[in-house]
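Okay, structure first, notes after.
These numbers come from a predicted model, not from an experiment. Just so it is clear: chains get the letters A, B, ... in the order the sequence lines come, proteins before strands, and each one is counted from 1.
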2 protein chains.
Amino acid sequence: MTAARSAKRMEAALRAAGYRLTPQRAAILAYLAATGSHPSARQVYDEVRQTYPGLSLATVYNTLGILVKSGLLKVLEFELDNRYETNLTPHINLICTRCGKIQDLVAPLPISAEHLADKVGFQVLDYRMEYYGLCPDCQGRIKNRQSATKINKGEQYEQS
Amino acid sequence: MTAARSAKRMEAALRAAGYRLTPQRAAILAYLAATGSHPSARQVYDEVRQTYPGLSLATVYNTLGILVKSGLLKVLEFELDNRYETNLTPHINLICTRCGKIQDLVAPLPISAEHLADKVGFQVLDYRMEYYGLCPDCQGRIKNRQSATKINKGEQYEQS
DNA sequence: TATTAATCAATAATGATTATAAATCAATAA
DNA sequence: TTATTGATTTATAATCATTATTGATTAATA
Ligand SMILES: [Mn+2]
Ligand SMILES: [Mn+2]
Ligand SMILES: [Zn+2]
Ligand SMILES: [Zn+2]
């Protein structure tokens with residue numbers, strides 16, 4: 001929706017990086033530009049297939065990998081189902097351990113790259129800031145339905 | 001080394017959680033309490049086997065899982081090779097994308113759990129704060145040896 | 001159109017983690 | 001001491017997201 005994530009801009013950046021814009025890639029880009037979520041590769045596959053039925057999962061992985069290499073996308077690595085970050089502006093992700101939803105929270109990073117370089121000697125290239133817990137919806141659900149199931153970070157998310 | 005990570009305290013906590021303290025578990029606990037690093041399961045296996053040769057990898061995974069469930073250890077999930085966090089006090093991890101080393105940095109978290117609960121309605125249960133980049137050693141190596149190899153977050157770490 | 005490189009998609013391979021099941025161990029009672 | 005019981009360990013197989021491979025197809029360029 002924003003300029004930074006517009007499909008047109010991503011298409012141009014892809015071409016600038018020397019890649020061709022195929023119909024499959026355009027469809028994936030359009031989905032990524034439109035979504036406000038942090039989808040997994042499988043989610044991208046399932047969603048884009050609704051408008052582009054012939055798409056293969058391998059192409060999804062291939063395209064996502066290209067986008068990451070080109071700096072248009074970030075990966076949040078998890079043990080199962082990596083998630084893809086389309087919002088490249090500095091922010092914190094609030095990750096619900098019950099439903100898997102990831103919500104952006106605009107907030108300053110705790111320490112500046114300059115400080116880390118000067119005081120600790122660490123050269124910052126990237127970051128990942130996450131809080132885990134329960135989103136408003138899931139808090140309500142638990143309060144009401146008094147879920148007997150244990151909610152752990154390692155647990156498989158339920159389908160929304 | 002600290003009181004929080006002392007082997008004795010971890011042994012007591014394991015027993016309190018209803019688990020037996022076997023020699024294998026004691027050996028793993030001793031290693032975890034002594035190390036200041038953020039080892040992978042394989043690293044724990046390789047290290048502890050030097051003092052306990054019969055140890056199996058399955059037992060390592062089993063024990064690490066028990067420790068996580070008991071709150072004595074945290075997992076940092078990555079696409080390949082999860083890492084285990086023994087320092088349970090709030091801090092930020094500085095992760096070198098070249099050698100894989102993880103260095104603790106004591107610093108306040110960017111936003112308090114209270115603020116998130118009040119203003120955003122998100123109930124914080126855990127967190128993960130990471131900077132990725134180059135540790136001092138690897139900056140030096142790159143400057144000197146002018147590494148032609150690209151350094152990406154997704155790349156396999158070289159062995160130290 | 002011919003040439004060439006890039007891409008697609010089906011399939012196989014990879015590899016960390018988890019599940020399974022038989023063997024072993026430890027604690028307790030008879 | 002010996003038996004019983006259940007937890008634990010171990011070796012092994014299974015799982016499954018991701019990556020690599022490969023032959024066929026497509027696009028770019030002249
Ligand atoms: Mn985000
Ligand atoms: Mn740490
Ligand atoms: Zn939720
Ligand atoms: Zn390093």
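Note: CZ (B:Arg15) to C1' (D:dA7) measures 15 Å, nearest angstrom. Taking atom CG on B:Leu55 and atom P on D:dT8, their separation rounds to 15 Å, with Å as the unit. Whole-Å rounding puts the B:Tyr45 OH to D:dT10 C1' distance at 10 Å. Rounded to whole Å, atom P of C:dT14 lies 18 Å from atom OH of A:Tyr61. Protein atom CG of B:Leu67 is 12 Å distant from nucleotide atom P of D:dT8, rounded to whole Å. Straight-line distance from the CZ atom of A:Arg83 to the C1' atom of D:dT18: 17 Å, rounded to whole Å. Atom OH of B:Tyr84 is separated from atom C1' of C:dA16 by 10 Å (rounded to the nearest Å). Rounding to whole angstrom units, CD1 of residue B:Ile66 and P of D:dA7 are separated by 12 Å.
Ion pairing between B:Arg83 and B:Glu85 fails under the 4.0 Å rule for side-chain N and carboxylate O. Salt bridge annotation for B:Glu130-B:Arg128: present, with a cationic side-chain nitrogen under 4.0 angstrom from a carboxylate oxygen. Salt-bridge check for B:Asp137 with B:Arg98: failed, with every basic side-chain N at 4.0 Å or more from each acidic carboxylate O.
Note that the CG atom of B:Leu73 and the CG atom of B:Leu76 stand 9.5 Å from one another [nearest 0.5 Å].
Side chain to side chain, B:Gln103 and B:His91 fail the donor-acceptor criterion of an N or O pair below 3.5 Å.
An OP1 or OP2 oxygen of D:dT9 is reached within less than 4.0 angstrom by a side-chain nitrogen or oxygen of B:Asn62. Of the side-chain N and O atoms in A:Asn82, none sit less than 4.0 angstrom from OP1 or OP2 of D:dA17. Between B:Arg25 and the phosphate of D:dT8, there is a side-chain N or O to OP1/OP2 separation shorter than 4.0 Å. Remark: B:Gln24 is not in phosphate contact with C:dC25, judged by side-chain N or O atoms under 4.0 Å from OP1 or OP2.
Both B:Glu79 and B:Arg20 sit near DNA chain D, but only B:Arg20 has its closest nucleotide nearer the 5' end. Between A:Ala58 and A:Arg42, the residue whose closest nucleotide on DNA chain D is further toward the 5' end is A:Arg42.
Distance from the side chain of A:Tyr19 is smallest for C:dT7 among the nucleotides C:dC8, D:dT10, C:dT7. Nearest nucleotide to the side chain of A:Asp81, out of C:dA9, D:dT18, D:dT10: D:dT18.
Here A:Leu57 lies out of heavy-atom contact (under 4.0 Å) with every strand. Within 4.0 Å (heavy atoms only), B:Thr22 reaches sugar-phosphate atoms of the nucleic acid but no base atom. Looking at heavy-atom distances under 4.0 Å, A:Gly54 makes contact with sugar-phosphate atoms alone, never a base.
Base pairing annotation: C:dT28 forms a Watson-Crick or G-U wobble pair with D:dA3, both donor-acceptor distances under 3.5 Å.
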